[in-house]
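Here is how names work: the chains are called A, B, and so on, in the same order as the sequence lines, proteins then strands, and each is numbered from 1.
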Amino acid sequence: MSSFAGRMKEYPNMSLDRFDRENLHARAYFLSHCHKDHMKGLKGPLLKRKLKFSLTVKLYCSFVTKELLLSNPKYAFWEDHIVALELESPTLITLIDEASGEREELVVTLLPAGHCPGSVMFLVEGAQGTVLYTGDFRLAKGDASRIELLHSGSRVKDIKSVYLDSTFYDPRFYQIPSRETCLHAIRGLVQDWVSRSVYHTVWLNCKAAYGYEYLFTNLGDEFHTQQGYAYSWLPCGSSASDGTPLNIISIKPSTMWFGERTQRTKVIVRTGASSYRACFSFHSSYSEIKDFLSYLQPINIYPSVIPIGRTHADVTELLKSMCRDVSSSAVIYRPLGTLKRTRPEQHTHGETLSPDHSQLSLPTILSTLFHCFVIGSVVYTRWGLCRLTSELFVDDSAKLPSPSIPLSAGQGLSQAESMLIQSEDRCQGDALTNLDAGGEESGSHTHQSEPTESQVSSDFDIPSTPDSHTPGPDDLSDLYRRLAAGEEVVTRTGSQSL
DNA sequence: GCGATCAGGT
DNA sequence: CACACCTGATCGC
């Protein structure tokens, strides 16, 4: 978790990813991505008050982050104070002291961070030198050399300080399998399971956070392509629509790492009868961070996270070796990196330089925000819809509570976000046992209870559609019919059709 | 009643 | 396999 206090030594009039305490006096705010540990104080009443009386104080972030932020009504008061910036477009920002009128000019550039949708790093250039605030990032080896705006001409810029996501800056986390490797392994497991029968289902058991969209979209696309079926709807409960129990395995994405000498890289670990952990990391590994830093050769590096079991002194000491040596009078600069253009100028709006999941298109982000979306045989759900489909499909209709949740008000977006994958292949003869009730982590998703107040009002709830209403039994059976008929009842850009 | 903080869970 | 973020208890205002 980030312990960055919000301000950089060189530019103390701007605050990044922290909005409390001394940051209340900042002249401009910057949000690198929409994770809670980077939003401390962002909905504080004092800040809200300050905005009311300010004409110049703005919050700068990416377009995607802006959408994610404003999807929560608790941050609605920011709406007129947010300035979304294009990626990789240097922007002149003037910091104004509203009391004295004093001005300070900076050029700020958003660079893709590869951490989660909308995540960026901030490159700040001004009178106090060029500094890079990484926010949280996952960049692969060599990525820094492909980011054009870290370069001036063909040479890397002279970077004074890097404020670093040092989550895994510890030799113990030497290697983390690449995103592609992890996706490949998960794809294999999913393929193996869902090909057994139509009742073999995968529950991609993600924690509530933006960041798993890379898995969602890639697996979704692939199984769509492979199956080629029209939309089908999957229950989130333990039974298929015909009452047959599902064979569900749970795959939990979680971080796994390997030391320098470790050869074997188990990307998937079986943790129970029907549960697996699959490697997936939002943060760069030690070796990826080293590659990044040794390319940039900053003069100073400030860690924003102290890995568990380490002290600030440990990390600072480790980081010293990554800094440019400017201690002696005869300054010996190690050679700075040179720009590698890996792609011709096919740069379209919003696209990034590296293969990257963090900058999904806005429609995709919106569709993930609004309840769910359906691609091929894959259903993406949020908690609320998961419950809804359970009600629709679960066998034991006598136990169904009457629906009490307005469909258009997303319930608990921050609750466990799930993805179910089920084979379209019909094959008979399998022993169709239900998810092993004794297995680790099993079953809890199959019997959803009423959402608590805090779930209903959790931070990434979707604002209610004005003319929404609670669906009655007739609405639900109509919905069921349409789903069974393969109609697309969920739009990809909003919740209106539900 | 609200926010901040911590412990404990997934 | 150590992320992100939930809930609930407690405390101060």
**OP:** May I have the distance from A:K74 (atom NZ) to B:dG3 (atom P), rounded to whole angstrom?
**Re:** 8 Å
**OP:** Return no unless some side-chain N or O of A:H33 is found under 4.0 Å from OP1 or OP2 of C:dA4.
**Re:** no
Subject >> A:M256, nearest nucleotide to its side chain (from C:dC3, C:dC1, B:dT5) >> reply: C:dC1
Subject >> Separation of C:dC3 C1' from A:H115 NE2 (nearest whole Å) >> reply: 8 Å
**OP:** Taking only the side-chain nitrogens and oxygens of A:K36, find out if one of them lies under 4.0 Å from OP1 or OP2 of C:dC6.
**Re:** yes
Original post:
Starting at CG of A:D20 and ending at P of B:dC2, how long is that distance when rounded to a whole Å?
Top reply: 21 Å
Subject >> Salt bridge flag under 4.0 Å for residues A:R138 and A:E288 >> reply: yes
Subject >> Name of the residue among A:F4, A:Y11, A:Y302 meeting ring-ring contact (aromatic ring centres under 6.0 Å, His included) with A:Y133 >> reply: A:F4
**OP:** Compare the minimum distances between each of C:dC6, C:dC3, C:dA4 and the side chain of A:T167, then state the nucleotide with the smallest one.
**Re:** C:dC3
Original post:
Please give, in whole Å, the distance from C:dC1 C1' to A:Y276 OH?
Top reply: 18 Å
Original post:
Any side-chain donor paired with an acceptor under 3.5 Å for A:T56 and A:E98?
Top reply: yes
Original post:
Does atom NZ of A:K141 have more than 12 heavy-atom neighbours from other groups under 6.0 Å away?
Top reply: no
**OP:** Give the rounded distance in Å between these two atoms: OH of A:Y169 and P of C:dC3.
**Re:** 18 Å
Original post:
Between C:dA4 atom C1' and A:H35 atom NE2, what is the distance in whole Å?
Top reply: 6 Å
Subject >> Upstream residue (5' side of DNA chain C) when A:H283 and A:V269 are each assigned their closest nucleotide >> reply: A:V269
Original post:
What integer distance in Å separates A:R277:CZ from C:dC3:P?
Top reply: 12 Å
Subject >> Ring-face cation contact, A:F280 with A:R179, 6.0 Å cut, 45° max >> reply: no
**OP:** Classify the nucleic acid contact of A:F168 as base, sugar-phosphate or nothing, counting any heavy atom under 4.0 Å across all strands shown.
**Re:** sugar-phosphate
Subject >> Atom-to-atom span, CG of A:N205 to P of C:dA4 - whole angstrom >> reply: 17 Å
Original post:
Which of these nucleotides, C:dA4, B:dT10, C:dC1, is closest to any side-chain atom of A:D136?
Top reply: C:dA4
